[in-house]
Amino acid sequence: MLLHRSNGQKRNKMHYRTLPQTDLNISILGLGTWAMGNDFWGSVEDRESIAAIHAAMDAGINLIDTAPAYGAGHAETVVGKAIKGKRDHVVLATKTGVIRTKDGFIRDLSPRNIAKDMEASLRRLGTECIDLYQIHWPDANTPLADSMAALMKLKQQGKFRYLGVSNFSVDLIEEARQFIEIVSLQPNFSMVQRKIEAETLPYCLAEKIGLITYGTLAGGLLTGKYRSLPTFTEQDKRARFYDYYKPELWPLIQGLLQLLDTISANHHCTVAQIAIAWAAQQKGITSALVGAKHPEQSLSNAKAASIHLSNTEYE
C-alpha cells in the first residue's frame, strides 16, 4: 500500500484517507496549484510557489493536484521542480482535456490531444507515471468512447495508475465506467457551493468513488479577507470562474462570514481554517483541495486538519 508522507514534526497533525478502489493514502487536504500557473489568479512568483509546495509537504500534505491548463503547463513545470528528488513523498494528480489559449480555455478530449497532454505532463513533472490522471472537463465534441479508448491505452502503457474525472455529472460517470474503472470525481464544493449533495455525493458514496473537491475557499471568498465587494485586477480573473462576487449575493455572504467569525473565535483559528475543516469533514469527501501562493498559506491551510467541528457547526 502506498503511503506518501513527508518527514517533519508537523506530519502527525495531518490525517489521511485511502482513495477508494486504490492503494493511495492521501492527505485529507490536498494542494491545488491553479494559482501557480501565474496567469489567472494574479501575479505569483515561481520561487514562492515552490516554497509553498515544500511547506505543504512538510506539513504532511501529500496530494498535489495540477493540470496542463494551469498557465499552459507552467504550473506542472513548477510542481516538477518542487518535487524533484521528492517524487516518492507525493501522490501526484494531473489532468487532460483542457487547452489554455490566449483568450481562454478549449475542451479537447480527442485521442490525439490526450496522448499529447500525457507526454507533455510527464516531461514537465519529471516523472514516468502519474498516480491519478483525471479528465478535466467533459468534451461534447468528442465521443466519450474514443477518449476512454485512448486513456485505456495509456494506462496499459504504464503512464498512469488510476483514472478520475472532474466536473462530470452522474450520467457521464456512469457512461465512463462502461469502459474503465473510475476511482474519483473532482467537483466544485464548499460552504457556498453544495450542489453535489443532492445526487452526486450519494452516488459516489454508494459506488465507492472518491471525492477530491476543489473551490474549498470559494475563490478566496471564504478566507474572510473580503468584507466589501472587491474589484480585482485584470490579471486576477477569479470572478470569471467563481460567480460569488456579485452585489446581490453580498449580504448573504457577509452573514455567513459573521457566523464563521464566531466559530473561528471559539476554535482560536482563522475563518479560512474553519471553511477548510468544514469541507474536509463532510461525509464522503476523501480530500479537499486548497490553493496556496506562498509557504505561509500552505502552513495555515494545513492547520485546518487539526480542527474538529461539532455536528452543529459542520451541518
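Computed from a prediction, not measured in an experiment: that's the story for all the values here.
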Subject >> Side chain to side chain, Ile307 and Gln281, heavy atoms closer than 4.5 Å >> reply: no

Original post:
Can Arg194 be said to sit on top of Phe189's aromatic six-ring, NZ or CZ under 6.0 Å from centre and within 45° of the ring axis?
Top reply: no

Subject >> Between Gln134 and Ser166: side-chain donor-acceptor atoms closer than 3.5 Å >> reply: no

Identify all side-chain donor-acceptor contacts of residues 202-209 below 3.5 Å with residues at least two apart in sequence or on another chain.
from: Tyr203; atom 1: OH; to: Glu174; atom 2: OE2; distance (Å): 2.5
from: Tyr203; atom 1: OH; to: Arg177; atom 2: NH1; distance (Å): 2.9
from: Glu207; atom 1: OE1; to: Arg177; atom 2: NH1; distance (Å): 3.1
from: Glu207; atom 1: OE1; to: Arg177; atom 2: NH2; distance (Å): 3.3

Subject >> Heavy-atom check, side chain of Ser298 versus side chain of Ile61, under 4.5 Å >> reply: no

Original post:
With side chains defined as the heavy atoms from C-beta onward, is the minimum distance between Thr94 and Asp117 less than 4.5 Å?
Top reply: no

Original post:
Would you call Arg87 and Asp131 a salt bridge, taking side-chain N to carboxylate O under 4.0 Å as the test?
Top reply: yes

Subject >> Electrostatic pair Lys95:Asp65 at N-O distance under 4.0 angstrom >> reply: yes

Subject >> Side-chain donor or acceptor of Ser184 paired with backbone N/O of Gly210 under 3.5 Å >> reply: no

Original post:
Do we see a donor-acceptor contact under 3.5 Å between the side chains of Tyr214 and Asn167?
Top reply: yes

Original post:
Taking everything shown except Gln157 itself, do over 12 heavy atoms lie less than 6.0 Å from its CD?
Top reply: yes

Subject >> Minimum heavy-atom distance between Ala305 and His15, given as atom pair plus value >> reply: O-CD2, 3.1 Å

Subject >> Short side-chain donor-acceptor distance under 3.5 Å, Asp108 and Ser110 >> reply: yes

Original post:
So which of Thr66, Asn38, Asp46 actually passes side-chain hydrogen bond (donor to acceptor under 3.5 Å, both in side chains) with His74?
Top reply: Asp46

Subject >> Presence of salt bridge, Glu119 and Lys159, under 4.0 angstrom >> reply: yes

**OP:** Tell me yes or no: between the side chains of Gln273 and Ser300, is some donor less than 3.5 Å from an acceptor?
**Re:** yes

Original post:
So, does Thr216 use its side chain to make a donor-acceptor pair with the main chain of Ile276 at under 3.5 Å?
Top reply: no

Original post:
Going by heavy atoms in the side chains, are Leu122 and Phe160 under 4.5 Å from each other?
Top reply: no

Original post:
With side chains defined as the heavy atoms from C-beta onward, is the minimum distance between His54 and Lys86 less than 4.5 Å?
Top reply: yes

